[in-house]
Amino acid sequence: MNETAFLQALRQLPLHPGARGLLDDSAVVGAFVLTTDTLVEGVHFLADDPPGDVAWKLLAVNLSDLAAKGAVPEGVLLNYPLSTPDWDAAFLIGFGEALAAFACPLIGGDTVSLPAGAPRVLTVTALGGDAAAPARGGARAGDVLWVTGTIGDAGAGLRIARGEAGPDELLQAYRRPQPRLAEGRVLAPIVHAMSDVSDGLLIDAARMAAASGLAVTIDLAAVPLSAALRSFDPDPLVAATAGDDYELLFALPDDATPPAPATRVGTLASGAGLTLTSAGASLPLPDRLGYEHCGDVNSLPASPASL
């Protein structure tokens, strides 16, 4: 059972109204947005990644889900498996840096132990408030699809972490992503739909379209690439399927201008499915649109799939 099939099975269970049919990465309960993400050693981070960077990423990926709802972080819960004293101490330093950087206090959590040699499994649950909370599935036919920032840096950074030579800027994009909290705050009240780009631009665009009951077309020639990535690997298809970007993907009417820096990458229309073009020419879909748990288990990076 892959991630998609498991989520489909979960949707048959009794659901809270705030779960939004499990079609989103966050739940809305009363005045709060709730999200939870897990990082697994060997799946979401490398065993030799610095512990402080793992801690930063663990918090950042959760706050990215809050950013997609325009939420202000209220605090987080940490579930932590105690391992070796040096690793634990370095993790705490990095986690403290991240909490301070994003003005997000720790509320509580849980500590556990793991069998000797077991991979680390790290979980944060984040709570956000004062959110417009646009749904992933609110896009409308005729909307334009936009994305903040650049795409593909973190995927390239993973390759550098594994030993390829490349710019440190890309390595830092993989190890210390920056959730778009400020952008989410100004975008959330006006967008029709919004989510973060965690598993890959193509797969996350397809998910937004499916949740909205629409078809989506992505123009690969429009995918924004950083100068550092262009010097390392300028293939936009590699960038658009890599994942771990934590940028915001959002839908607006065709005549609207985003109030935050963003790039127009596609359109939504009546129908279903994903169409890929490049400067007007049709392209075949790749075998892999992005990351899916148990669908591509040998390929980092993977975003933790929130319910």
Side-chain angles (χ1 to χ4, degrees), residues 1-3 6-7 10 13 15-16 18-20 22 24-29 32-47 49-69 71 73-85 87-102 104-129 154 174-179 181 195-196 198-199 243-244 246 291-294 297 300-307:
M1 184 178 289
N2 64 15
E3 182 178 11
F6 189 75
L7 286 172
L10 284 179
L13 303 180
L15 298 179
H16 189 284
R20 294 180 165 181
L22 300 184
D24 222 320
D25 278 341
S26 303
V28 180
V29 181
F32 295 102
V33 175
L34 302 172
T35 188
T36 187
D37 280 324
T38 297
L39 299 188
V40 179
E41 183 179 336
V43 177
H44 306 100
F45 65 94
L46 303 175
D49 281 342
D53 289 347
V54 175
W56 179 287
K57 187 170 187 175
L58 178 62
L59 180 64
V61 301
N62 276 273
L63 297 188
S64 183
D65 285 337
L66 295 187
K69 303 300 148 205
E74 292 284 343
V76 295
L77 302 168
L78 170 67
N79 288 6
Y80 187 81
L82 296 167
S83 54
T84 59
W87 207 97
D88 294 344
F91 177 93
L92 287 176
I93 291 172
F95 199 62
E97 291 173 351
L99 292 173
F102 301 119
C104 180
L106 181 65
I107 298 172
D110 190 26
T111 53
V112 298
S113 59
L114 294 175
R120 296 177 176 90
V121 180
L122 311 164
T123 299
V124 154
T125 298
L127 176 70
Y174 158 65
R175 287 182 169 166
R176 294 210 171 199
Q178 301 292 323
L181 290 163
S195 68
D196 69 343
S198 50
D199 291 334
D244 247 8
Y246 303 105
Y291 190 91
E292 183 177 38
H293 288 282
C294 296
V297 295
L300 280 158
S303 85
S306 299
L307 300 183

- Item | Step-by-step ring pair (Phe, Tyr, Trp, His ring centres under 6.0 Å) determination, Trp56 to Phe102 | CA-CA 10 Å; Trp56 179 287; Phe102 301 119; 5.2 Å; yes
- Quick one: are Leu58 and Tyr80 in side-chain contact, heavy atoms under 4.5 Å? no
- Query: Atom CG of Asp196 and atom NZ of Lys69: how far apart are they, to the nearest 0.5 Å?
  - Reply: 8.5 Å
- Task: Answer yes or no: is there a side-chain heavy-atom contact under 4.5 Å between Thr38 and Val40?
- Result: yes
- Could you give me the CA-CA distance, side-chain angles and deciding distance for Thr35 and Thr125, then say whether side chain to side chain contact (heavy atoms under 4.5 Å, CB included) is met? CA-CA 6 Å; Thr35 188; Thr125 298; over 6 Å; no
- Message: Quick check: closest heavy atoms across Ser26 and Val33, and the distance to 0.1 Å?
- Response: CB-CG1, 3.6 Å
- Item | Heavy-atom closest pair, residues Gly94 and Ala55 | C-CB, 3.8 Å
- Task: Please report the C-alpha distance between Leu114 and Ser83 in whole Å, then the side-chain angles of each, then the deciding distance to 0.1 Å, and finally whether the side chain to side chain contact (heavy atoms under 4.5 Å, CB included) criterion is met.
- Result: CA-CA 8 Å; Leu114 294 175; Ser83 54; over 6 Å; no
- Message: For the residue pair Thr123 / Asn79, report whether a side-chain donor-acceptor contact shorter than 3.5 Å exists.
- Response: no
- Would you check, one step at a time, whether the test side chain to side chain contact (heavy atoms under 4.5 Å, CB included) holds for Ile107 with Val76? CA-CA 5 Å; Ile107 298 172; Val76 295; over 6 Å; no
- Any side-chain heavy-atom pair of Leu82 and Ser113 under 4.5 Å: no
- Message: As an exercise, state the distance from OG of Ser64 to CG of Asp25, rounded to the nearest 0.5 Å.
- Response: 8.5 Å
- Message: Between Lys57 and Asp49 (salt bridge meaning N to carboxylate O under 4.0 Å), is one present in this structure?
- Response: no
- Note on the structure: Closest non-hydrogen atoms of Asp37 and Asn62, given as atom of the first, atom of the second and distance, are N-OD1, 3.1 Å
- Enter the distance from Asp88:CG to Thr111:OG1 here, rounded to the nearest 0.5 Å. 10.0 Å
- Task: Please examine the side chains of Val124 and Phe95, heavy atoms only from C-beta on, and report whether any two atoms are closer than 4.5 Å.
- Result: yes
- Would you check if the side chain of Glu41 reaches a backbone N or O of Arg120 as a donor-acceptor pair within less than 3.5 Å? yes
- Kindly indicate whether the side chain of Arg175, heavy atoms from C-beta on, has any atom under 4.5 Å from the side chain of Phe45. no
- What one should report as the nearest heavy-atom pair of Cys104 and Leu59 is SG-CD1, 4.4 Å
- Message: So Pro51 and Trp87, do their side chains get closer than 4.5 Å, heavy atoms only?
- Response: yes
- In terms of heavy-atom contacts, Leu127 and Phe32 come closest through CD1-CB, 3.4 Å
- Query: Between Asp244 and Ala154, what is the shortest heavy-atom contact and its length?
  - Reply: O-CB, 3.1 Å
